[in-house]
Number of protein chains: 2
Amino acid sequence: MTSIKDVARDIEMSTATVSRALRGLRGVSDETRERVMESALRLGYVPSPSAAGLASGQTRTVAVIVPMVTRWFFAAVVQGAEEVLRERGYDLLLYNLAGDATARHRVFATSLLTKRVDAVLVLSLKPTAEELDRLGRLGRPVTIVGADMPGWATVRIDDRDAAATATAHLVSLGHRRVGYIGGATEGVLDFTAPTARLDGFRCTLEAAGIAPAPELEQDGEFTIAGGDRATRTLLALPDPPTAIFAASDEMAMGVLRAARELGVRVPQDLSVIGLDDHELADYFELTTVAQPVQEQGRVAAMQVLAALSDGDWQPTQVILPTHLVVRRTTAAPARQPSSRRRT
Amino acid sequence: MTSIKDVARDIEMSTATVSRALRGLRGVSDETRERVMESALRLGYVPSPSAAGLASGQTRTVAVIVPMVTRWFFAAVVQGAEEVLRERGYDLLLYNLAGDATARHRVFATSLLTKRVDAVLVLSLKPTAEELDRLGRLGRPVTIVGADMPGWATVRIDDRDAAATATAHLVSLGHRRVGYIGGATEGVLDFTAPTARLDGFRCTLEAAGIAPAPELEQDGEFTIAGGDRATRTLLALPDPPTAIFAASDEMAMGVLRAARELGVRVPQDLSVIGLDDHELADYFELTTVAQPVQEQGRVAAMQVLAALSDGDWQPTQVILPTHLVVRRTTAAPARQPSSRRRT
DNA sequence: GTGAAAGCGCTAACAA
DNA sequence: TTGTTAGCGCTTTCAC
């Protein structure tokens, strides 16, 4: 395995100079730099990250902690982050918790990461107070994606606002009886999103002078199956909603499926709006509130990289914009409640 | 930052002993081991991977090269791999090529990985001859998932057989005019799968005494949109197929969408079968040939770990089983060609 | 069962 | 602009 010494010997210079040339530091003559490059190439020299890390204290590696890579949303954020990290010469260490408490504990509680990475990206996980404490002690830049954590660097959308946009769209179409499908406000994934979205929903209805109706708020667990189940509950109500806002597109897909099976026509009998602009939303012609996904990963990565290169960098809270995407699952309610068939 | 020296000093032992105790090597008295553990915990000692890597030549890190994390299939394989790697104390370095030729070049061509990881997992990418050469030179275990590369360790399904199963299912239902939607046999992702699947399709028809019909074989690019387009082409044929085998579930979703928009009923007018058992296949009630996905990642990870711990390990070719999952998109063809409406 | 000592391959401070 | 000199924190002989 050829090392920096071999290159140094080859061109009869010190390893220090070779190291400087290789890293593009200034203070190396053009000629020397060229000779170093040529020699390194010819000798097939590849630097050792372990050695560089040990000597410099920097690993040029960023940890990304994700609840579940198989969820499209998280995969897309990871893709965004990977892209900018790679461009800047950083590697991405993936920690996929996948609902495994042991894994979560291992990643957060033991400070495994301390000497392993230069920075950490946490996706849509609301760390506990203890975990936050640990993250803080890392002494490394940390950015949290998708959660609102005052005092920490975060990248997210305005969940409350996004939910308000969705709800307002339904209200503006004339719906007065609007169902909401969300998720547990405290769950495995612990995002802050569920709470904020529910809040946006409620406030918008209230502002429109529509009385609260607890029976219209259901838990869809942020899954297709959950959305399906919640929809069946809603449509079985004595006075069912004419529109449903699902707080995620996957739940909205569940709504569409349930509606189809119950013989409820969308949007004639039931309007449906989601939130995400999932890659399949177009396929379902789902009206939704779009959030930038890869972009959140990209911005988060840029944020930690900025922190890494700028000594007195302060945690920033970035809020990315969302926008309504009207497709074909929303429409004005039928004048008459249509006769619906239920299972 | 507390180091192994601090622990050694704390219990008045040498760093060598502490190192041995920490790594669970034999030749350390139980009492010493306990004292080391206690001290390490108390002092909040965390080992430095860089130092360990430099000294031992092992990074306890595995690179996973994936064409595109946002594709559910790849994310699931990554999840499977991550799970077993983490269990065994290995970290996962993710390289997402995302159709970026530069990225691909950087990962493969420059031997960046040499000193960075102990092993490499390559997902559904058919490396070029040159890339294979580089991978070989790494001198590290490499496992290729989803491609058939004689001489290399691989984990995959029998694509030909899976396609044959799907086709045979349609034939056994009585279909004689069967469409095929596949992908370019040479593409960005370069899998070997497309070729093998097409082959399985053709042979099965031939074995059933059905004459080849080139116009019934279309390219769906392995995407939903591609499946949609290919379906429109197929159904616009003078003598359209009564059944379609899409070589991936996502393309099959495209088929379903096109059929719906064209007013073609599934399965009455058109039977549809996919291949994958995508997480949404159930949602679409799609009949398909299921392949284990996370399992492929798991097995691949186990394979490189085995290679790492066993000196004279030989590359193994693992073929995981597939099975037919009959849902509701396939049925016997209508006696009479039904009258179809086309756009 | 334990310790001393010699690196692993780099970087960084200080000199020159 | 370049070189010298110490390490960085661990593992690994080889002794004892």
Side-chain angles (χ1 to χ4, degrees), chain A residues 1-37 39-40 43-61 89 91 111-118 139 308, chain B residues 1-37 39-40 43-61 89 91 111-118 139 308:
Chain A
M1 206 91 297
T2 123
S3 85
I4 203 171
K5 266 190 192 164
D6 301 307
V7 178
R9 194 178 305 124
D10 182 53
I11 61 165
E12 298 178 305
M13 290 244 153
S14 72
T15 60
T17 302
V18 174
S19 172
R20 283 189 278 255
L22 254 14
R23 284 178 297 153
L25 298 189
R26 15 169 266 156
V28 178
S29 76
D30 286 354
E31 200 216 323
T32 304
R33 189 182 304 280
E34 252 173 55
R35 291 181 52 219
V36 168
M37 294 312 192
S39 171
L43 268 37
Y45 168 73
V46 177
S48 154
S50 295
L54 182 55
S56 70
Q58 300 199 175
T59 58
R60 294 196 74 82
T61 298
D91 279 330
S111 329
L112 274 183
L113 297 177
T114 332
K115 300 177 182 167
R116 187 129 196 47
V117 299
D118 293 345
L308 245 20
Chain B
M1 207 86 303
T2 122
S3 84
I4 203 172
K5 267 190 192 164
D6 300 307
V7 178
R9 194 178 305 123
D10 182 52
I11 61 167
E12 297 179 305
M13 289 246 155
S14 71
T15 59
T17 302
V18 174
S19 173
R20 284 190 276 255
L22 253 13
R23 285 177 297 153
L25 299 188
R26 16 169 266 156
V28 178
S29 75
D30 284 356
E31 199 216 323
T32 304
R33 189 183 304 282
E34 251 173 54
R35 291 182 52 219
V36 168
M37 294 311 192
S39 171
L43 267 39
Y45 167 74
V46 177
S48 154
S50 296
L54 182 54
S56 69
Q58 300 199 175
T59 59
R60 294 197 74 82
T61 298
D91 278 330
S111 330
L112 273 183
L113 297 177
T114 332
K115 298 175 183 168
R116 188 124 194 53
V117 299
D118 292 346
L308 245 23

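Lettering of chains follows the sequences in order, A, B, ..., and the numbering in each one begins at 1.
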No-H, no-angle donor-acceptor pair, A/Arg20 side chain to D/dG3 base, under 3.5 Å: yes
task: Can you measure from CG (A/Asp91) to CG (B/Asp91) and round to the nearest 0.5 angstrom?
output: 12.0 Å
- prompt: Can a side chain N or O of A/Thr32 be found less than 4.0 Å away from OP1 or OP2 on D/dT2?
  reply: yes
- prompt: For B/Arg35 and C/dG1, is the shortest distance between a side-chain N/O and OP1 or OP2 below 4.0 Å?
  reply: no
- prompt: Could you give the CZ-to-P distance, from A/Arg33 to D/dT2, as a whole number of Å?
  reply: 9 Å
task: Give B/Ala52 one of three labels, base, sugar-phosphate or nothing, depending on what nucleic acid heavy atoms sit under 4.0 Å from its own.
output: sugar-phosphate
Validation row: A/Thr32, A/Met13 side chains within 4.5 angstrom (heavy atoms): yes
field: Whole-Å distance separating the CE atom of B/Met1 from the P atom of D/dG9
entry: 9 Å
task: Enter the distance from A/Ser48:OG to A/Leu54:CG here, rounded to the nearest 0.5 Å.
output: 9.0 Å
Length of the line joining A/Arg60:CZ and C/dC10:P, which is rounded to integer Å: 15 Å
Least distance between heavy atoms, A/Ile11 atom then A/Ser39 atom: CG2-CB, 3.5 Å
message: Is the phosphate of D/dG3 approached by A/Ser14 (side-chain N or O, under 4.0 Å from OP1 or OP2)?
response: yes
- prompt: With nearest nucleotides of DNA chain C determined for B/Ala51 and B/Val28 from heavy-atom distances, which residue corresponds to the more 5′ nucleotide?
  reply: B/Val28
task: Examine D/dT2: is either OP1 or OP2 under 4.0 Å from a nitrogen or oxygen in the side chain of A/Ser29? Give yes or no.
output: yes
message: Can you measure B/Leu25 atom CG to D/dT11 atom C1' for me and round it to whole angstrom units?
response: 10 Å
message: Reading DNA chain C from 5' onward, which residue's closest nucleotide shows up sooner: A/Tyr45 or B/Ala16?
response: B/Ala16
query: Can you check the A/Glu31 CD to D/dT1 C1' distance for me, whole Å?
result: 12 Å
message: Can you tell me if B/Thr17 touches the phosphate of C/dG3, counting only side-chain N or O atoms and a distance under 4.0 Å to OP1 or OP2?
response: yes
- prompt: Of the candidate nucleotides C/dG9, C/dG7, D/dG3, which contains the atom at the shortest distance from the side chain of A/Leu54?
  reply: C/dG9
message: Measure CD1/B/Ile4 against P/D/dG9 and give the value in whole Å, please.
response: 11 Å
message: Rounded to whole Å, please give me the gap between NZ in A/Lys5 and P in D/dT4.
response: 13 Å
- request: Indicate whether any N or O donor in one side chain lies under 3.5 Å from an N or O acceptor in the other, for B/Arg35 and B/Thr17.
  value: no
message: Looking at B/Ser19, I'd like to know whether one of its side-chain N or O atoms comes within less than 4.0 Å of OP1 or OP2 on D/dT12.
response: no
query: Over how many whole Å does the gap from B/Leu22 atom CG to D/dT12 atom P extend?
result: 13 Å
